[in-house]
A.B. asks: 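Have a look at this one before I ask anything.
Per chain, numbering begins at 1; letters A, B, ... match sequence-line order. Any value given below was found using the heavy atoms of this structure, including those in side chains, with hydrogens, waters and symmetry copies removed.
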Amino acid sequence: NAGVTQTPKFRVLKTGQSMTLLCAQDMNHEYMYWYRQDPGMGLRLIHYSVGEGTTAKGEVPDGYNVSRLKKQNFLLGLESAAPSQTSVYFCASSLWTTYEQYFGPGTRLTVT
Amino acid sequence: EDKVVQSPLSLVVHEGDTVTLNCSYEVTNFRSLLWYKQEKKAPTFLFMLTSSGIEKKSGRLSSILDKKELFSILNITATQTGDSAVYLCAVIAPNFGNEKLTFGTGTRLTIIP
């Protein structure tokens, strides 16, 4: 089992560029989440999905879009990157909401 | 707005010491509290606590929840350098039919050999 994987691991973007972060899990989990982690702010939920074909907004959704076309994949898109989106992005999955979340290794994104 | 507060923000102790990390919360419709350990990369799950007063234990780590006073503590005894990490506390609470995790900002624990 690979668990939760994320690609890419690092990325540098210029302001206004777009990109997609990919999260994949092989544990047949229903729930998937995207977080960002900034110094002094803790982990903040961007978007989440309660199953294939569904998405919902989290605490800080502005500037991001997501899609869950397949149960095992959860994509996070930045249409027009801004320096405020410089962060470490974590994907997580869980079997159900009341179960622990398993995290991916993170993507470090820098927007210049 | 749901809130999770951890203290202290950072802690430096010597190997072999015992440490206690604190997590207090203010959430509507609390369901569970989780502790994670984050070293250089992804947080890894330690404990999930749902009931008050029942200690969860794993080796030198233990945790307990007090739902009346709205806090949890994480104890680490006989600390080792491998315990150096950021410890995150998170609370699960219902949110319009779904449930979400609210994280605290973490306690950075450094163990000096």
A.B. asks: Does any backbone or side-chain atom of L43(A) lie under 4.5 Å from a heavy atom of chain B? Answer side chain, backbone, both or neither.
C.D. replies: both
A.B. asks: About how many Å separate CG of L34(B) and CD of Q101(A), when rounded to the nearest 0.5 Å?
C.D. replies: 8.0 Å
A.B. asks: At their closest point, which heavy atom of L88(B) faces which heavy atom of Q37(A), and how far apart are they?
C.D. replies: CD1-NE2, 4.5 Å
A.B. asks: Is it true that I111(B) and V86(B) fall in one hydrophobic cluster, defined by side-chain heavy atoms closer than 4.5 Å?
C.D. replies: no
A.B. asks: I need the contact set between residues 36-46 of chain B and chain A: heavy-atom distance under 4.5 Å, sorted by residue number.
C.D. replies: Y36(B), Q38(B), K41(B), A42(B), P43(B), F45(B)
A.B. asks: Is the NZ atom of K57(B) crowded by more than 12 outside heavy atoms at less than 6.0 Å?
C.D. replies: yes
A.B. asks: Can you tell me how far OG of S94(A) sits from CD1 of I92(B), rounded to the nearest 0.5 angstrom?
C.D. replies: 7.5 Å
A.B. asks: According to the ring pair (Phe, Tyr, Trp, His ring centres under 6.0 Å) rule, which pairs have a member within residues 51-72 of chain A, sequence neighbours left out?
C.D. replies: Y64(A)-Y89(A)
A.B. asks: Are L49(B) and F30(B) connected, step by step, through hydrophobic side chains (Ile, Leu, Val, Met, Phe, Trp, Tyr) whose heavy atoms are closer than 4.5 Å?
C.D. replies: yes
A.B. asks: Taking salt bridge (charged side-chain N to carboxylate O under 4.0 Å, His left out) as the test, write out the residues that go with R108(A), two or more places apart.
C.D. replies: none
A.B. asks: Between G58(A), P105(A), G106(A), who has the most heavy-atom pairs with chain B when the cutoff is under 4.5 Å?
C.D. replies: P105(A)
A.B. asks: Are M19(A) and V111(A) connected in a single hydrophobic cluster, I mean Ile/Leu/Val/Met/Phe/Trp/Tyr linked by side-chain heavy atoms less than 4.5 Å apart?
C.D. replies: yes
A.B. asks: Cluster question for you: counting only ILVMFWY and a side-chain heavy-atom cut-off of under 4.5 Å, with indirect links fine, are L95(A) and Y31(A) together?
C.D. replies: yes
A.B. asks: Would you mind reporting whether T105(B) and M41(A) have side-chain heavy atoms less than 4.5 Å apart?
C.D. replies: no
A.B. asks: Would you say F47(B) ends up clustered with I73(B) if hydrophobic residues are merged whenever their side chains have heavy atoms under 4.5 Å apart, either directly or through other cluster members?
C.D. replies: no
A.B. asks: By salt bridge (charged side-chain N to carboxylate O under 4.0 Å, His left out), which residues pair with K71(A), not counting sequence neighbours?
C.D. replies: E30(A)
